[in-house]
Amino acid sequence: RRRAILFVVGVFGLLITAWVTRSLHDIERERLQLRFQSAAQARAGEVVDQMRQPLEHLATLQRLFGSVDRVDWPAFRTFAEPMLSLPGVRSFNWLPRVSGAERAAFESALRDRGGAKATITEYGPGNRLVVAGERAFYFPVLYAVPEESTQGSMGFDVYSVADRAALIDHAIADDRPNAGAPSPLPYAPEVKDAVRLVAPVYPRDHRSTNRAGRVADARGVVILVFSV
């Protein structure tokens with residue numbers, strides 16, 4: 001009988017030890033989860049704070065292009081270059097909406113800007129730039145700071161890339177900035193987490209309150225490229 005009692009006590013002791021061990025493990029796991037959640041929230045707060053000023057700059061450029069009939073390159077550069085000093089900001093870009101009928105005039109403007117190819121381009125086989133095919137409209141790069149961010153692709157039709165076209169479509173139809181998923185930057189291979197924020201631009205007399213009207217009225221988009 002004594003052996004039975006000792007056996008029961010031993011088993012009970014093992015159970016208590018296992019329970020205490022598991023409880024300590026659960027407590028430690030909860031502590032780690034709380035620590036992770038706290039760190040994640042802090043990081044999210046830092047990202048939000050870091051992006052607040054660049055987003056205000058994007059809105060400034062949006063208002064600039066929407067308030068006048070034409071913004072030339074010196075004016076854009078004067079406005080946008082000081083904005084590059086903020087942490088994480090990679091580039092600001094202006095992409096006018098160019099209809100098929102306006103293509104020749106736009107390509108003439110590219111020549112005035114010193115565009116090497118002086119034509120609207122798109123990706124061809126092997127991701128090489130080729131002359132863009134005929135279509136109803138384009139969203140080519142006209143202005144960009146820093147200038148090296150275009151890598152000779154001034155005039156490249158960003159709308160010819162499917163995921164970029166979706167970003168532009170949503171921004172214009174919803175009348176608000178739209179952000180894409182993080183992705184590498186072709187001109188800065190070390191940057192793996194660049195985010196593109198697209199803001200629509202409409203003319204001064206824009207009054208449309210429905211999607212179809214906004215799509216018809218859009219003058220172009222300004223893009224902020226930002227790395228977290």
Side-chain angles (χ1 to χ4, degrees), residues 47-99 102-121 129 137-159 164 167-168 171-172 175-180 185-188 190-191 194-206 214 217-228:
V47 171
V48 170
D49 289 341
Q50 188 180 359
M51 292 190 67
R52 185 173 288 114
Q53 191 63 49
L55 285 172
E56 290 178 2
H57 287 334
L58 182 66
T60 298
L61 290 174
Q62 185 183 26
R63 290 191 296 270
L64 171 66
F65 281 99
S67 63
V68 295
D69 292 333
R70 181 176 179 272
V71 177
D72 61 18
W73 165 242
F76 176 81
R77 183 172 54 189
T78 298
F79 266 83
E81 278 189 340
M83 302 174 180
L84 297 172
S85 62
L86 292 172
V89 172
R90 294 292 174 175
S91 69
F92 286 97
N93 307 267
W94 163 238
L95 283 59
R97 178 176 177 170
V98 179
S99 69
E102 297 167 328
R103 178 171 179 170
F106 175 82
E107 291 177 339
S108 176
L110 278 185
R111 284 191 290 274
D112 294 339
R113 282 257 11 247
K117 296 184 181 301
T119 187
I120 296 177
T121 58
L129 292 179
F137 60 87
Y138 312 83
F139 282 88
V141 178
L142 181 57
Y143 303 149
V145 291
E147 291 186 78
E148 58 267 25
S149 66
T150 62
Q151 277 197 332
S153 61
M154 189 167 58
F156 174 72
D157 180 22
V158 176
Y159 200 79
R164 306 286 189 268
L167 280 178
I168 293 171
I172 291 173
D175 191 14
R176 61 185 180 188
N178 190 25
L185 280 181
Y187 59 88
E190 73 279 5
V191 178
V195 175
R196 291 164 178 82
L197 292 101
V198 179
V201 173
Y202 307 98
R204 284 176 294 178
D205 57 355
H206 169 70
R214 288 193 289 267
D217 290 349
R219 291 186 58 193
V221 296
V222 285
I223 298 179
L224 160 64
V225 180
F226 185 90
S227 60
V228 178

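Only a predicted model underlies this, so the values are computations on that prediction, with no experimental measurement involved.
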What closest approach, in Å, do Ile120 and Asp157 show between heavy atoms, and which atom pair accounts for it?
CG2-CB, 3.9 Å
With side-chain hydrogen bond (donor to acceptor under 3.5 Å, both in side chains) as the rule and sequence neighbours excluded, what pairs involving residues 78-90 come up?
Arg90-Ser227
Residues forming a side chain to side chain donor-acceptor pair (under 3.5 Å) with Arg204, sequence neighbours excluded:
Asp69
Result block: side-chain N/O donor-acceptor pairs under 3.5 angstrom for residues 56-66, not counting sequence neighbours:
{"residue": "Glu56", "atom": "OE1", "partner": "Gln53", "partner atom": "NE2", "Å": "3.4"}
{"residue": "Thr60", "atom": "OG1", "partner": "Glu56", "partner atom": "O", "Å": "3.0"}
{"residue": "Thr60", "atom": "OG1", "partner": "Arg63", "partner atom": "NH2", "Å": "3.4"}
{"residue": "Gln62", "atom": "NE2", "partner": "Pro200", "partner atom": "O", "Å": "2.6"}

On a heavy-atom basis, which atom in Arg97 and which in Ala218 lie closest, and how many Å separate them?
CD-O, 3.6 Å
Contacts of Phe156 meeting ring-ring contact (aromatic ring centres under 6.0 Å, His included) (sequence neighbours excluded), chain-then-number -> Tyr123
Tell me, please, which residues at least two apart from Arg219 pass side-chain contact (heavy atoms from CB on, under 4.5 Å).
Val201, Pro203
What one should report as the nearest heavy-atom pair of Val198 and Ala171 is O-CB, 3.6 Å
What pairs with Arg103 under side chain to side chain donor-acceptor pair (under 3.5 Å), at least two apart in sequence or on another chain?
Glu107, Tyr138
Qualifying residues under side chain to side chain donor-acceptor pair (under 3.5 Å), relative to Tyr143, sequence neighbours excluded
none
State which residues pass side-chain contact (heavy atoms from CB on, under 4.5 Å) with Pro177; sequence neighbours excluded, sorted by chain then number.
Ala199
Using every non-hydrogen atom in the two residues, find where Gly155 and Pro140 come nearest and quote the distance to one decimal.
O-CB, 3.5 Å
Just jot down the side chain to side chain donor-acceptor pair (under 3.5 Å) partners of Asp205, sequence neighbours excluded, or say none.
none
Quick one: does Trp94's side chain get under 4.5 Å of Val71's, heavy atoms only?
no
Measuring from Leu197:CG to Leu55:CG, what's the distance to the nearest 0.5 Å?
6.0 Å
Are any non-hydrogen side-chain atoms of Val98 and Phe139 less than 4.5 angstrom apart?
no
ring-ring contact (aromatic ring centres under 6.0 Å, His included) partners for Phe79, two or more places apart:
none
Distance-only, no hydrogens or angles: does the Asn178 side chain make a donor-acceptor pair with backbone N or O of Leu167 under 3.5 Å?
yes
Side chain to side chain, Phe92 and Val222, heavy atoms closer than 4.5 Å
no
Show the nearest heavy-atom pair for residues Val195 and Ala179, with the distance to one decimal.
CG1-CB, 4.2 Å
Among residues at least two apart in sequence or on other chains, which ones pass side-chain contact (heavy atoms from CB on, under 4.5 Å) with Ala144?
Asn93, Val141, Ser149, Thr150
Are any non-hydrogen side-chain atoms of Val89 and Leu224 less than 4.5 angstrom apart?
yes
Criterion side chain to side chain contact (heavy atoms under 4.5 Å, CB included) on Leu95 and Tyr159, from CA distance to verdict
CA-CA 10 Å; Leu95 283 59; Tyr159 200 79; over 6 Å; no
Would you say the side chain of Leu185 lies within less than 4.5 Å of the side chain of Arg196, judging by non-hydrogen atoms?
yes
Between Tyr202 and Ile172 the two heavy atoms that sit nearest each other are OH-O, 2.6 Å
Leu142 versus Phe106: any side-chain heavy-atom pair under 4.5 Å?
yes
